[in-house]
Structure formats: C-alpha cells, structure tokens
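The analysis underlying the following values was restricted to heavy atoms, covering all of them including side chains, and did not include hydrogens, waters or symmetry mates.
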Amino acid sequence: MHKRLHGIQFKKRAPRAVREVRKFASLEMHTKDVRVDTELNRYLWKKGIRNVPRLVRIRVSRTKNEDEDAQEKFYSTVSLLPVFDKVDFAGLQTENK
C-alpha cells in the first residue's frame, strides 16, 4: 500500500487504498466486478483515514457469477490474509489454492 499511496493527501488515503485494492484485483483477475471483504475494509481503515497500514497481504479469488442478469461472467473477491508481525512478511511466496 505504501507505494500506491505516496503523495496522496491525508484525508483521501483510506478511500484511495480501497480503490487501489480493487484496481489491483481487477488487473490481476481480468474482472470488472470486484468485491472487497468487510474484514479487509476494516483492516485498511483500522488506523484512521490518514494512517493506512504500509503492508497488506490479500487473497484474490475469481468466482463464476450465478446471477443470470449479470453483465460479467465472473467476479473477484478480495479478502485479508492475516500476517501477525512485520517480520512475517519476509520471504512470503504466492499461495495457490
């Protein structure tokens, strides 16, 4: 999150963080419909609008849309993966589920 929020004014940081997560998931999964989990949203807003956490680990999953009227065939769900200490971020690899 840190590099994506550099230079953004304080009162717009947490909303921009949520938008950046959506944008990242959309680019990676090639879906326009991105749904952010409430736990991830609370984690991004945990320290207020100004002090967004520097590091966030997320899981993005693509799911087939069951709604017949939907414009998109798939949607992405973004959820938080808990990392308990900053040291725990070192050496992390992509997890295929």
Side-chain angles (χ1 to χ4, degrees):
M1 287 280 68
H2 179 67
K3 72 177 183 179
R4 296 174 190 271
L5 297 177
H6 181 73
I8 304 301
Q9 61 179 279
F10 284 143
K11 292 296 182 179
K12 297 185 178 182
R13 282 187 175 213
R16 173 67 73 95
V18 175
R19 279 199 306 272
E20 289 293 330
V21 167
R22 283 182 187 272
K23 185 171 140 185
F24 174 78
S26 177
L27 289 174
E28 290 297 316
M29 291 295 179
H30 305 288
T31 59
K32 291 182 183 172
D33 186 7
V34 178
R35 301 171 188 185
V36 177
D37 188 34
T38 56
E39 188 178 349
L40 173 61
N41 190 42
R42 285 197 179 136
Y43 181 77
L44 292 174
W45 281 86
K46 178 173 66 172
K47 298 199 288 184
I49 198 166
R50 295 172 56 161
N51 302 313
V52 178
R54 290 174 67 98
L55 299 169
V56 179
R57 188 166 195 210
I58 60 173
R59 172 173 286 143
V60 184
S61 60
R62 183 173 45 217
T63 310
K64 191 165 181 102
N65 210 338
E66 298 296 328
D67 189 17
E68 297 89 27
D69 321 346
Q71 295 175 349
E72 302 292 322
K73 288 184 3 182
F74 294 96
Y75 66 90
S76 297
T77 305
V78 186
S79 57
L80 178 69
L81 282 180
V83 178
F84 301 108
D85 194 10
K86 188 174 181 179
V87 178
D88 293 342
F89 275 100
L92 289 178
Q93 297 292 319
T94 300
E95 291 180 358
N96 292 329
K97 189 174 179 184

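Nearest heavy atoms, K11 versus I49: O-CD1, 3.1 Å. Y43 approaches P53 most closely through the heavy-atom pair O-CG, 3.6 Å. The minimum heavy-atom distance between A25 and S76, with the atom names listed, is O-OG, 4.4 Å. Of all heavy-atom pairs spanning R57 and Q93, the tightest one is NH2-O, 3.0 Å. Minimum heavy-atom separation, S79 to D37: CA-CB, 3.9 Å. Between N65 and A70, the shortest heavy-atom contact is ND2-CB, 3.2 Å.
Side-chain atoms of V36 and R22, non-hydrogen and from C-beta on, do get closer than 4.5 Å to each other.
For the atom pair E20 CD and L44 CG, the distance stands at 11.0 Å (nearest 0.5 Å). In this structure, the separation between NZ on K32 and CD on Q71 is 8.5 Å, given to the nearest 0.5 Å. Here the CG-CZ distance, from L81 to R59, works out to 4.5 Å after rounding to the nearest 0.5 Å. Rounding to the nearest 0.5 Å gives a distance of 11.5 Å between OG1 of T77 and CG of L40. Separation of atoms CG (N51) and CZ (R13) is listed at 8.0 Å; rounding is to 0.5 Å. The CZ atom of R19 lies 10.0 Å from the CG atom of L5; values are rounded to the nearest 0.5 Å.
Residues L55 and V83 fall within the same hydrophobic cluster, defined by Ile, Leu, Val, Met, Phe, Trp and Tyr side chains chained together at heavy-atom separations under 4.5 Å. Under the 4.5 Å side-chain heavy-atom criterion for Ile, Leu, Val, Met, Phe, Trp and Tyr, V18 and Y75 are members of distinct hydrophobic clusters. No path of Ile, Leu, Val, Met, Phe, Trp and Tyr side chains, each step under 4.5 Å between heavy atoms, connects I8 with V56, placing them in separate hydrophobic clusters.
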Before you tell me yes or no, could you show the steps for F24 and V78 under side-chain contact (heavy atoms from CB on, under 4.5 Å), namely the whole-Å CA-CA distance, both residues' side-chain angles and the distance that decides it to 0.1 Å?
CA-CA 10 Å; F24 174 78; V78 186; over 6 Å; no
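A donor-acceptor pair under 3.5 Å links the side-chain atoms of R62 to the main chain of M29, judged by distance alone.
Screening D33, V34, V60 for a side chain to side chain contact (heavy atoms under 4.5 Å, CB included) involving S26 leaves a single residue, V34.
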